[in-house]
Colleague: 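Before we start, here is the structure in question, set down as structure tokens.
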Amino acid sequence: QVHLVESGGGSVQAGGSLRLSCAASDSGGCMAWFRQLPGKEREAVAVISVGGTWATYADSVKGRFTISRDNAEKTLYLLMNSLKSEDTAMYYCAAFVIGRSCFAINLKPTDFRYSGQGTQVTVSS
């Protein structure tokens with residue numbers, strides 16, 4: 001069992017920045033950030049490989065968000081710059097892809113074995 005705890009969310013004005021963190025109780029394998037608005041499906045924001053040398057992003061965040069990880073500290077990060085009101089959502093980290101490759105297209109929350117409780121990001125325009 002791997003426990004994931006997200007932090008770093010908050011309220012920020014459009015154009016601002018936030019850095020989310022996800023502390024894992026053990027090595028997390030392939031990891032990802034997802035986000036979810038009320039009444040909407042959870043969508044993948046970014047995925048990162050075990051070694052941190054490969055990452056992929058949703059088109060809506062490319063060039064603005066950066067996913068990274070510190071395996072020694074067992075922590076996953078999401079640096080969010082140039083935030084927009086449409087980035088407002090609950091953000092979740094996820095760990096350990098099951099049944100699919102970390103490099104697969106369109107990974108879903110159900111492809112990951114573990115997920116955290118989320119941290120709220122609110123961007124005001």
Side-chain angles (χ1 to χ4, degrees):
Q1 184 79 11
V2 176
H3 295 284
L4 304 171
V5 180
E6 300 95 337
S7 62
S11 297
V12 64
Q13 289 197 329
S17 299
L18 282 174
R19 189 178 80 156
L20 305 183
S21 299
C22 172
S25 61
D26 204 344
S27 171
C30 173
M31 298 186 76
W33 286 99
F34 288 84
R35 66 186 182 185
Q36 186 172 24
L37 275 74
K40 297 281 185 70
E41 287 190 359
R42 201 171 292 191
E43 63 175 5
V45 174
V47 181
I48 190 167
S49 61
V50 174
T53 56
W54 177 90
T56 188
Y57 299 88
D59 287 343
S60 58
V61 307
K62 277 181 184 175
R64 300 188 298 121
F65 290 12
T66 303
I67 188 172
S68 62
R69 64 192 298 166
D70 184 333
N71 287 337
E73 295 295 326
K74 298 175 187 173
T75 303
L76 178 72
Y77 300 101
L78 185 68
L79 176 62
M80 305 185 294
N81 293 323
S82 303
L83 282 162
K84 305 176 181 179
S85 57
E86 50 263 44
D87 295 318
T88 295
M90 185 71 80
Y91 283 72
Y92 301 87
C93 67
F96 279 114
V97 169
I98 49 174
R100 298 186 68 191
S101 168
C102 185
F103 309 104
I105 296 173
N106 295 332
L107 287 172
K108 301 185 188 314
T110 50
D111 294 321
F112 289 83
R113 181 169 296 170
Y114 305 109
S115 180
Q117 294 300 306
T119 184
Q120 177 68 37
V121 171
T122 302
V123 184
S124 57
S125 57

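Hydrogens, waters and symmetry mates play no part in the numbers below; they use all other heavy atoms, side chains included. As the structure is a prediction and not an experimental result, all values here were calculated from the model.
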Colleague: Would you say that Arg100 contacts Leu107 through its side chain, given a criterion of any heavy-atom pair below 4.5 Å between the two side chains?
Modeller: yes

Colleague: With clusters defined by side-chain heavy atoms of hydrophobic residues (ILVMFWY) lying less than 4.5 Å apart, directly or transitively, does Val47 cluster with Met31?
Modeller: no

Colleague: For Glu86, look at atom CD and say whether over 12 heavy atoms of other residues, nucleotides or ligands are found less than 6.0 Å away.
Modeller: yes

Colleague: Answer yes if Tyr57 and Val121 sit in the same cluster of Ile, Leu, Val, Met, Phe, Trp and Tyr residues linked by side chain heavy atoms under 4.5 Å apart, and no otherwise.
Modeller: yes

Colleague: Check each of Thr56, Ile48, Val45 against Ile67 using the side chain to side chain contact (heavy atoms under 4.5 Å, CB included) test, and report the only one that passes.
Modeller: Ile48

Colleague: Would a single hydrophobic cluster contain both Met90 and Tyr77, if residues Ile, Leu, Val, Met, Phe, Trp and Tyr are joined by side-chain heavy-atom contacts under 4.5 Å?
Modeller: no

Colleague: Is Asn71 reaching over with its side chain to a backbone N or O of Lys74, donor-acceptor style, under 3.5 angstrom?
Modeller: no

Colleague: Applying a strict under-4.5 Å side-chain criterion to I, L, V, M, F, W and Y, I'd like to know whether Val123 and Phe34 cluster together.
Modeller: no

Colleague: Is any side-chain heavy atom of Tyr114 less than 4.5 Å from a side-chain heavy atom of His3?
Modeller: no

Colleague: Which word best sums up how the rings of Tyr91 and Phe65 line up, parallel for under 30°, tilted for 30 to 60°, or perpendicular for over 60°?
Modeller: tilted

Colleague: When you compare the side chain of Leu78 with that of Thr66, does any pair of heavy atoms fall below 4.5 Å?
Modeller: no

Colleague: Which heavy atom of Gly28 sits nearest to which heavy atom of Ala95, and what is that distance?
Modeller: O-CB, 3.4 Å

Colleague: Give a yes or no on whether a salt bridge exists between Lys84 and Asp87, defined as a side-chain N under 4.0 angstrom from a carboxylate O.
Modeller: no

Colleague: Do Phe112 and Cys30 have side-chain heavy atoms sitting under 4.5 Å apart?
Modeller: yes

Colleague: Could you report the tightest heavy-atom contact between Ser21 and Thr75, atom names first, then the distance?
Modeller: CB-CG2, 4.3 Å

Colleague: Identify the two heavy atoms, one from Ser125 and one from Ala14, that lie closest to each other, and give their separation to 0.1 Å.
Modeller: CA-CB, 4.1 Å

Colleague: Quick one: closest heavy-atom pair of Leu76 and Cys93, and the distance?
Modeller: CD2-CB, 3.9 Å

Colleague: Report yes or no: do Ser17 and Asn81 form a side-chain donor-acceptor pair below 3.5 Å?
Modeller: yes

Colleague: Is there a continuous path of hydrophobic side-chain contacts, each under 4.5 Å between heavy atoms, that joins Phe103 to Val97?
Modeller: yes

Colleague: With a 4.5 Å limit on heavy-atom distance, are the side chains of Met80 and Leu20 in contact?
Modeller: yes

Colleague: Any idea which heavy atoms bring Gln120 and Thr88 closest together, and the distance?
Modeller: NE2-CG2, 4.0 Å

Colleague: Would you compute the distance between atom SG of Cys102 and atom CG of Asp111 and round it to the nearest 0.5 angstrom?
Modeller: 10.5 Å

Colleague: Roughly how far, to the nearest 0.5 Å, is the OG atom of Ser82 from the CZ atom of Arg64?
Modeller: 7.0 Å

Colleague: Flag this pair as yes if the NZ/CZ of Arg35 is under 6.0 angstrom from the six-membered ring centre of Tyr92 and inside a 45 degree cone about the axis; otherwise no.
Modeller: no

Colleague: Ignoring hydrogens, what is the shortest heavy-atom contact between Arg42 and Pro109? Give both atom names and the distance.
Modeller: CB-CG, 3.7 Å

